[in-house]
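What follows is a short report on a single structure.
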Amino acid sequence: MEFADVVRRRKMVRSYTDEPVDPAAVERALAHAVRAPSAGFSQGWGFLVLDTPDDVRRFWVATVKDEIDDPDEWLTGMMPAPVVIVPCSSKAAYLGRYAEPDKGWSDQDEARWPVPFWHMDAAMASLLILQTAVDEDLGSCFFGIPPESEAAVREEFSIPVVFDPVGAITIGHPATTVGAKGSPSRRRRKDLEEVVHRGRWTTTD
Ligand SMILES: Cc1cc2nc3c(=O)[nH]c(=O)nc-3n(C[C@H](O)[C@H](O)[C@H](O)COP(=O)(O)O)c2cc1C
């Protein structure tokens, strides 16, 4: 598929069939994920891959708890996806990497970081997973793990304390039914003129 088509066709899919996903497609998505850039080449990411019905169910039980028995439209559409990937980031890996001799400082002061690059890098890797799904004619959706469920997900899958899940990604074959919508449908993609500021910032509102 042309790269521009991958970019244009990518959208979050929130309704899946339970048709299995070719494991090779998941491997390609992961192989692409680790091609993402990372600050200081820290690569402080980890990817929990859940690709059996039992593991995927354990993910949903840990994430939504009792709601699993009375799922809303969103959950009903998402749960059949045969693959869930949980991208995680390690702040410690970045603080440690930037304290190495080829970097500018030796302390591990978090205040030196303009934004949390550890989360940024996991997000960049996540986008490559989403784009690979498009290229494989699959659907995918990045979504947040509710803060109140994070401990249960960690515990269920033995995620080490030095790693933080930044969200989760479903991968599967899109159902023909539309499924839950994301943001309200009245929201539209902003025009370039609204978000691009050439030469100087131009305020439009
Ligand atoms: C950081 C992040 C968190 C998101 N969290 C959720 C979520 O919890 N549930 C959900 O259904 N979609 C979630 N989305 C998907 C957005 O709603 C979606 O990207 C946005 O509405 C634009 O639609 P599109 O990606 O299909 O173009 C998230 C996206 C991002 C980038």
Side-chain angles (χ1 to χ4, degrees), residues 1-17 29 32-33 36-39 44-48 50 56 59-68 70-91 113-154 157 159 163-192 194-196:
M1 196 182 293
E2 286 292 322
F3 179 69
D5 291 330
V6 170
V7 173
R8 258 198 304 271
R9 286 175 56 174
R10 189 218 53 78
K11 62 179 169 51
M12 299 304 186
V13 171
R14 299 183 179 85
S15 184
Y16 299 89
T17 70
H32 288 172
S38 67
W45 47 45
F47 305 89
L48 173 70
L50 308 173
V56 169
F59 170 81
W60 289 116
V61 169
T63 306
V64 302
K65 305 194 171 63
D66 292 344
E67 203 191 326
I68 202 158
D70 184 22
D72 63 7
E73 188 188 16
W74 185 90
L75 195 51
T76 302
M78 294 286 272
M79 280 197 302
V83 179
V84 175
I85 297 177
V86 181
C88 300
S89 74
S90 168
K91 178 166 73 177
W113 295 84
V115 293
F117 283 171
W118 38 97
H119 294 329
M120 280 188 61
D121 293 352
M124 292 197 194
S126 297
L127 179 59
L128 288 170
I129 294 174
L130 301 177
Q131 290 182 325
T132 306
V134 176
D135 201 39
E136 297 284 341
D137 262 329
L138 294 166
S140 62
C141 183
F142 183 100
F143 58 100
I145 296 174
E148 63 274 17
S149 303
E150 192 193 305
V153 173
R154 274 183 185 285
F157 298 104
I159 298 173
F163 278 95
D164 293 313
V166 298
I169 300 170
T170 42
I171 301 178
H173 295 271
T176 45
T177 49
V178 176
K181 286 199 172 52
S183 304
S185 53
R186 66 179 178 279
R187 286 190 76 84
R188 57 168 184 84
R189 195 168 297 282
K190 291 184 178 180
D191 294 328
L192 275 187
E194 296 173 83
V195 295
V196 177

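Whatever order the structure lists ligands and atoms in, that order sets their numbers, starting from 1. Note that the structure is predicted; figures quoted are calculated from it, not measured. The figures that follow rest on heavy atoms only: side chains count, while hydrogens, waters and symmetry mates do not.
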A student checking ligand 1 against Phe142 at a 4.0 Å heavy-atom cut-off should list atoms 1 (C), 2 (C), 3 (C), 4 (C), 5 (N), 6 (C), 12 (N), 13 (C), 14 (N), 15 (C), 28 (C), 30 (C)

Under 4.0 Å from one or more heavy atoms of Lys11, ligand 1 contributes atoms 26 (O)

Donor-acceptor under 3.5 Å ([X] side chain, [Y] main chain):
X	Y	answer
Glu194	Asp191	yes
Asp72	Leu75	yes
Asp121	Gly44	no

Among Val13, Val84, Leu138, the one residue meeting side-chain contact (heavy atoms from CB on, under 4.5 Å) with Ile171: Leu138

Give yes if a backbone or side-chain nitrogen or oxygen of [X] is under 3.5 Å from a nitrogen or oxygen of ligand 1, and no if not.
X	answer
Arg189	yes
Gly144	yes
Met12	yes

For the pair Asp137 and Arg9, find out whether any cationic side-chain nitrogen is under 4.0 Å from an anionic carboxylate oxygen. yes

Is Val153 close to Thr63 at the side-chain level, that is, under 4.5 Å between some pair of heavy atoms? yes

Region of Arg14 that comes within reach of ligand 1 [heavy atoms, distance under 4.0 Å]: side chain

Ligand 1 contacted by Arg187 (non-hydrogen, < 4.0 Å): no

